[in-house]
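Each remark here refers to the structure printed beneath this line.
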Amino acid sequence: MIVAHLSDLHLGYRAYDRTDRGRNVREKDVAAAFDKAVVEMVSIRPGLVLVTGDVFDRPDPPPGALVTITRGLEILRSELPDTPVLMIPGARDTPRRPGDPVALAALDTFPQVEAATGTARTVPVLDGTVQVSMVPYRACLKEPFPVLEPDPRARYNLVMAYARASRAGRWGPVVDPAAWDYVALGSEHAHRSVAENVVYAGSLERVGPRPWREAAVEKGFVVVNLESRRSTFHSISVRPVVALAPIRVPADDPEGLRARVREVTDEVPGGIDGKIVHLTLEGLDGRDILGLQGDLLESLRRRALHLTVEVSPAGGETTLETFDVRSLVRERLGSAGIDPGRHEERLEELFSDRSRRDVGEPS
Amino acid sequence: MRVLRLEGDSPILGRVDISVPAGLVALVVQDGRGRRALTRLLRQVPLTHVPGEEGVSVVLEGERPRSREEAEALCTLWAGPDRLEGEEMFRVLAAAAAGLVGGWRVDRALARLGRGRPTRDVTGRGADPAELRARIRRLEDAPETLRRLERETRELRGDHAEVAGDLEAATMTWLRERQAAETHLQAYRDRARELKARLHHLESSGHDVACPTCGRVLGDQYDEVVEELREEWESVVQDGSWWKRRREQLELKPDALQEIEGRAVRLQAATESCAERLERARSQVAELEDARLRLGHLERRGGASGADQAGVRASPDDELQRVLLELREDLTREAEEGLLERASRYVCRLSGGRILGLSAATDRGFALEGVSGRLRLPAEEDRAVTEVSLRLAALSLVRSASDEPESMVLAGPLERLEQEAGLRTVELLQALSPRFEQILLVTRGDVVDLYPEAFDHVFELRPLLDGEAGSRVSALRALPAGTGEIRIGH
């Protein structure tokens, strides 16, 4: 029995204000990643597909996202007519207000699709041989939490949840890995196994305000063989994100800074064209970045899909210091040629911590 | 210090009874008036525990400010300088930052000297005495104008509070009467239906029907009973029609109530306009004092050198004042340096690099620098993202050196940010949140929809109608936030 586990599709995600034929480039990227996953799944021919949350990037997805998901489901329906597709919403595609409908609910009407949108429920699929406990985002937020119990009559018992897995936590529904054949998790964007059969599939694309944090993280989905209990990760090729190693240049050397940036970006294999690029300048002041103003930065920005340059100051961030005001005043009196001793009594009056009358309260 | 509870009666928010937790907290208020009212409420936080302008008291936890000067600096950083932008905001934030790391003691000492701290450079460096005298002449009437406007504002606020009270009372009366009319109408309708059913039963059953009251066969009494029932039914229908007309009359707000509402709105507008003029008058008075101090300083310096030659010394308080003013200016200048550097990094981050950074500009504090050069005409989003960057930079700068502020309130400019900048701001707030016990984000809600997992708590402030009394109640409803947990184990 083969199960395909996808998660965090974030269909409808938009960023960087770059368009291609009227559509946001990143929205197209995310849709393309899902399309590739569908093609891959058709070739793998799983018996069951699980999608664990954040199917859409927002609770009111744009029409393009709905078209993408329905097209994908239609392909799965026609190519894999006996393969159920089970979906739960995550934090992003759950509306703020409990009464508002979840967009996924519309997909529940599709043949072979089950979507659990509000409360947790257990669904028998494939003539009851597989029981899937579906735990959407809201079900893990507050009590009463669902009680998850495998069904001994089923051949396989699975859990799908959008939540953070915790071994030491005191909150949330409990899942004993030994009691389940597979626990499919969503919410984390990097594929990882919490236990042998408790797995985050990770997201299909690098989304979010700082995608370079996942520059080295492969994107894709998980295929698990329930008999052998082995899972494999199937990567999907997506738009490259380049997190360049921080560069150090001396302050007040704009020419040196430009030369170094040129050098580092030229060294990127395949160039920076069309990529999402992040560059950190170390050891500089926030204003030293202005040394990059001009043709070089403009040209790099045109070539990359998006280029972010950030400054990490030398020796950590600048701070203010607290100080002893009275001592400072004495010092300054001395520097002005005035004997601080003349003012000692007055300074005592001026700097004493009096009553709360100072803040307008009765003493 | 952080906010624990808000409780009281606000003319805009209604009855407020809210516990506010620690962490990154979004307070979602759909309408702009409500958001402004809530921000104004929270702005008063560090200064007092007593009901403020909004009639709502704020319960705090933590160390209180030690002086009015410290409280003012804290308030400026806590909730942002009110109605300031650009250079003014920058300077006020820097002065407040310097204030919180010790400058407040200098301010308090100056206040005790009876000399106050002006808002700008008062050592007279680079000032022209003739220009200062001209400015003083121009602003001579400012104190009188300020007193007059203070009086006017107090009166307007008093009137507004009174009319708000009348409005609430009139609204409640209207709602009660409407409710009563509805109740009566329903009762008459039910009675009419019941009587009609009985009549129908009698007429279709004939003379041998049982009496609906005692159960005996009517026989000869049939006609009399039917006649009575019919008369009662007609009477109920007539009375019911009256209540129906009464209910229809009360559907729309009565003229008197609409008139009070109109008065309340006009008074509100007048109060706000007066408050704005009052603020301007205050700035002018501060400018006048500033000019007088600088002129006095210049004259003393010129006078002092002359006096020295004659062997006359300045008074001890004059000496102390000069040293304190110079010290305060140096502290503020140092804070401006630090603020500019940090805000420059933040603005690059929050704008996604559209604004590369901030550079010092002597004529206006700072300038926005883009990829190709200085931004001469910054767009609205650029100004908004700069304001947010300045605020967050000031807060994190002070927090690096001081225990306060432990919390912050962010509102206003966030609503003017474009979507991605809003997301990046929330991401930066997440990064800063370990240093702050509580971050309150007052928002319309868009940014929460886009990034709910960033928040520890999300509450929606919704005015509800307490059906019976018809009074408004503001309730906080918890909405999904953060990421839930699933426990792996036995």
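What you see is a predicted model, and the numbers here were worked out from it, not measured in a lab. Throughout, a chain's letter reflects where its sequence line sits, starting with A, and its residues are numbered from 1.
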For [X], which atoms come within 4.5 Å of any heavy atom of chain B: side chain, backbone, both, or neither?
X	result
A/Val198	side chain
A/Phe351	both
A/Leu185	side chain
A/Arg210	side chain

Given side-chain hydrogen bond (donor to acceptor under 3.5 Å, both in side chains), test A/Tyr137 with A/Ser187 step by step and report yes or no. CA-CA 9 Å; A/Tyr137 167 63; A/Ser187 79; over 6 Å; no
Let me know if [X] has heavy atoms under 4.5 Å from chain A in its side chain, its backbone, both or neither.
X	answer
B/Val28	side chain
B/Glu427	side chain
B/Glu420	side chain

Residue selection (most heavy-atom pairs with chain A, distance under 4.5 Å) from [options]:
options	answer
B/Glu70, B/Glu418, B/Arg105, B/Arg399	B/Arg105
B/Leu423, B/Leu327, B/Leu340	B/Leu327
B/Leu100, B/Val347, B/Leu479, B/Val398	B/Leu479

Determine, using ring centers only, whether A/His10 and A/His189 are less than 6.0 Å apart. yes
Does atom [atom1] of [X] have more than 12 heavy-atom neighbours from other groups under 6.0 Å away?
X	atom1	result
B/Asp403	CG	no
A/Asp339	CG	yes
A/Asp17	CG	no

Quick test of your reading of the model: are A/Arg96 and B/Asp449 salt-bridged, counting only N-O distances below 4.0 Å? yes
Looking at CZ of B/Arg424 and CZ of B/Arg349, how far apart are the two atoms once the value is rounded to the nearest 0.5 Å?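 Spacing of CZ (B/Arg424) from CZ (B/Arg349) equals 10.5 Å.
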